[in-house]
*Asks:* 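Right, I'll just put the structure down here and ask away after.
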Amino acid sequence: MNKTASIFGWTLVGLLGAAALGVIAVRRGEPINALWLVVAATCCYALGYRFYSRFIAVKILALDSLRATPAERLENGRDFLVTNKWVVFGHHFAAIAGPGPLVGPVLAAQFGYLPGTLWVLAGAVFAGCVQDFVILLFSVRRDGKSLTEMAKEEIGRVGGFVAYTAVIAILVILLGVAALIVVNALKDSPWGTFTIAMTIPIALLMGLYLRRIRPGKVLEVSILGFILVLFAIFGGQWASQNPTMASVFTLRAPTLAILIIVYGFAASALPVWLLLAPRDYLSTFVKLGTIALLGTGIVALHPTLHMPALTRFVDGNGPVFAGKIFPFAFITIACGAISGFHALISSGTTPKLIARETETRMVGYGAMMCESAVAVMAIIAACVLQPGVYFAINSPAGVVGQTAATATATISSWGFPVTAADMQVLAHAVGEQTLFNRTGGAPAFAVGMAHIFSQSLGGAKVMALWYHFAVMFEALFILTILDAGTRVARFMIQDALGHIYKPLGRTSWYPSILATSALIVGAWGYFLWQGVKDPLGGINSLWPLFGIANQLLATVALCVATTIIVKMHRTRYAAVTLVPLAWLVAVTFTASWHKILDPNPRVGFLAQARALAVGPATAATARLIFNNRLDAAVTAILVVMVALVLVESVRQWIGVLSGREEARVKESPFVMTRLAEERA
Amino acid sequence: MSRFGRAARLVLATLREIFDEAAYARFLSRTQMASSPQAYAAFRLEFEEAKTRRPKCC
């Protein structure tokens, strides 16, 4: 009876999911309800988790609940600790959920809601969740080793070196892009700038409170910090209406860029407890709360999507970023579908907390499913906007024109009507001077989120508050990535430099701290400055660069996973990682080819450099030409690294399959768990 | 304990782990110290390097 009910129930889920996907894919010419996306996503995730992840767990990984994990064998009360699986799940999700799944889908919405939705669902179920799951399990079986170490041991020294270089490259580009998103969200916005500026003294206050007044009471101080941030949002409204304050906090993009670079340096060099840790706690608190609130809002209000399923920009002439749907939709949306960065977390803290191997399925596969659900929410938030409004916010002035009249005329001529008056009313409703050319994805997401929230909580009157809450949420989120990422990169550089000159490797030696902080901040600061000065809005060229770098890391992770699967004599199932790997290689190589050599100056870096060279010479021309050539070189280096890892991996597979090389995986020896004995 | 109570405890335990309160409690228990500004400073000193090396995703 139970089996019959299960078959019936899962058949029903399958049919419902197929129907929802059918509506999303087939409906044309009329708006659809966001609930169809929610239903399709829920059914896909349920089926993927129940059947696909179980297949991987049983047939390939052979999860063994009797095998002691490093958390049990090496327990030290610090890094290695047997932890409740739901607690590990929360821990893992809090680490993998960054601003990426919010920004990427908003930018890719220029193609319509369909491509992004299909990629987020299929990419997560068949690639992203699989990567996170298998890398987590392989790390658990290797004493919690990092991806870099596993790449070195299983593929060879080249794999390890490339993984290390890729991590640094990704961090630098990621931090540059993240900072650019903050700049674009805050430029000429006294309200947003005031609120975000206030989070710095709030974080300092929290740091001192934690250290001196109530040591260790992080939850308590996070709630206090959250309340203060809400006051800062209200204060921002006052600041934007007060002429003196408004003039102080109305900042241009270059000024904001300099301030963020100074902040990044300070956060890297100052003691952690003072600024970085409290801001991290505050950001996590706001992040978890806002994601829950947004999910509830979407399900409760199920708004209508005004963006068409497919727009004319699938041809590659999109205003938000140029490039055809393949490969650029798959580069633009990384974190919501597959993110190489997750492999670092799956081989970082999480494997050291897992109590049983069987829990890796829920934590690795399950948490990535939740991340993908966040990306679906972002698609909904972008697509509830009228398309004309969406394009007015996200298109750079270099594409649509400098004035409101030319921008609205250009966008309307594409078939997405919008007027300057509409945009003025919307800007006024959210408390901004203008919403034109607010590239980067964050402002469009904030407007969409405010639109959803204002329909339920407080109505249109509080739309400005919701908008600035959303801006604050994203900026806080991103600044946390910026300060934490700068610090992580600083440690990595110190580790590397320590091999050359020992004192440089000492993480507490101040000359080393200052030098390496300056090095890493200078590197991402350069990309930020380049983006700020780019007439196409910067995000146009930098986001694909980030996508390529991130997918490169995913390629390395999937190479490691496939190599281990081949060595485990599970080659007949290797397609589970090989197919996503082949897809990513196709995407990364094609995108790199276009970004370097495409003759369209809006797509190819070298073509843009050539176009600038023959155009009118300005003071910035030489720098822009150099920047484009640099971006082309960075892309070429990344793609050569992918090729190297691939060649090394294929060499390993052929060696093992032909019997020339011993198929020996570098797992820790089996030890029977005590937890099972205790349970028995 | 009711199902709701168990769920609430689990959520609180998760939050305490994410926000390092549980780590601080373990530190106090391991070092036999009482909570104080000095104990918290010692905890942060021990914990900070590991904490700040953790990558966070984009």
Side-chain angles (χ1 to χ4, degrees), chain A residues 77-79 81 83-84 86-91 94-101 103 167 170-171 174 177-178 210-213 215-219 222 271-273 276-277 280-281 284-285 288 334-335 339 341-342 344-345 348-349 353 371 480-481 484-485 487-488 491-492 507-508 546 550, chain B:
Chain A
R78 288 177 60 192
D79 309 325
L81 187 77
T83 310
N84 177 293
W86 289 105
V87 175
V88 186
F89 180 90
H91 208 294
I96 65 170
V103 174
V167 174
I170 287 172
L171 277 171
L174 161 70
V177 174
L210 270 176
R211 187 88 165 189
R212 308 265 179 244
I213 304 168
K217 297 289 180 193
V218 180
L219 267 176
S222 296
V272 176
W273 64 268
L276 192 139
D280 188 26
Y281 294 136
T284 307
F285 197 82
L288 296 177
C335 297
S339 164
F341 218 101
H342 291 192
L344 301 182
I345 295 153
T349 344
L353 302 173
E371 167 100 325
T480 308
I481 301 293
R487 209 151 178 124
V488 168
F491 282 132
M492 291 183 77
T507 52
S508 53
F546 160 64
N550 199 359
Chain B
M1 187 184 284
S2 70
R3 200 173 278 187
F4 179 77
R6 279 204 301 273
R9 268 182 53 165
L10 198 60
V11 169
L12 191 64
T14 306
L15 290 174
R16 280 173 53 79
E17 198 63 52
I18 292 172
F19 290 101
D20 302 327
E21 284 197 4
Y24 181 49
R26 285 194 294 272
F27 172 82
L28 292 178
S29 142
R30 183 159 50 85
T31 54
Q32 301 288 307
M33 291 170 91
S35 181
S36 67
Q38 291 74 25
Y40 189 68
F43 162 71
R44 296 263 19 139
L45 198 68
E46 181 183 288
F47 192 64
E48 260 163 22
E49 184 152 316
K51 165 96 183 169
T52 49
R53 277 173 186 269
R54 280 181 208 165
K56 286 176 85 72
C57 191
C58 40

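All heavy atoms count here, side chains included; hydrogens, waters and symmetry mates do not. Letters go in sequence order (proteins before strands), and every chain restarts at 1.
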*Asks:* If every non-hydrogen atom of Tyr281(A) is compared with every non-hydrogen atom of Phe19(B), which pair is closest and at what distance?
*Replies:* O-CE2, 3.2 Å
*Asks:* Locate the shortest heavy-atom distance separating Tyr40(B) from Arg211(A); write the atom from each residue and the value.
*Replies:* CD2-CA, 4.0 Å
*Asks:* Look up atom CD in Glu17(B) and atom CG in Leu81(A), then write down how far apart they are to the nearest 0.5 Å.
*Replies:* 6.5 Å
*Asks:* Minimum heavy-atom separation for Pro215(A) to Pro37(B), with atom names?
*Replies:* CG-N, 3.6 Å
*Asks:* Select all residues of residues 22-33 of chain B having any heavy atom within less than 4.5 Å of some heavy atom of chain A, and report them by number, or 'none'.
*Replies:* Tyr24(B), Arg26(B), Arg30(B)
*Asks:* Do you know the tightest heavy-atom contact between Lys217(A) and Glu21(B)?
*Replies:* C-OE2, 3.4 Å
*Asks:* Please report the shortest heavy-atom distance between Arg16(B) and Leu219(A), naming the atom on each side.
*Replies:* CG-CD1, 4.1 Å
*Asks:* Looking at Leu344(A), Leu210(A), Thr83(A), which makes the most heavy-atom pairs under 4.5 Å with chain B?
*Replies:* Leu210(A)
*Asks:* Can you measure from OG1 (Thr14(B)) to CZ (Phe89(A)) and round to the nearest 0.5 angstrom?
*Replies:* 10.0 Å
*Asks:* If you look at every heavy atom in Ile18(B) and Gly90(A), which pair is closest and at what distance?
*Replies:* CD1-O, 3.6 Å
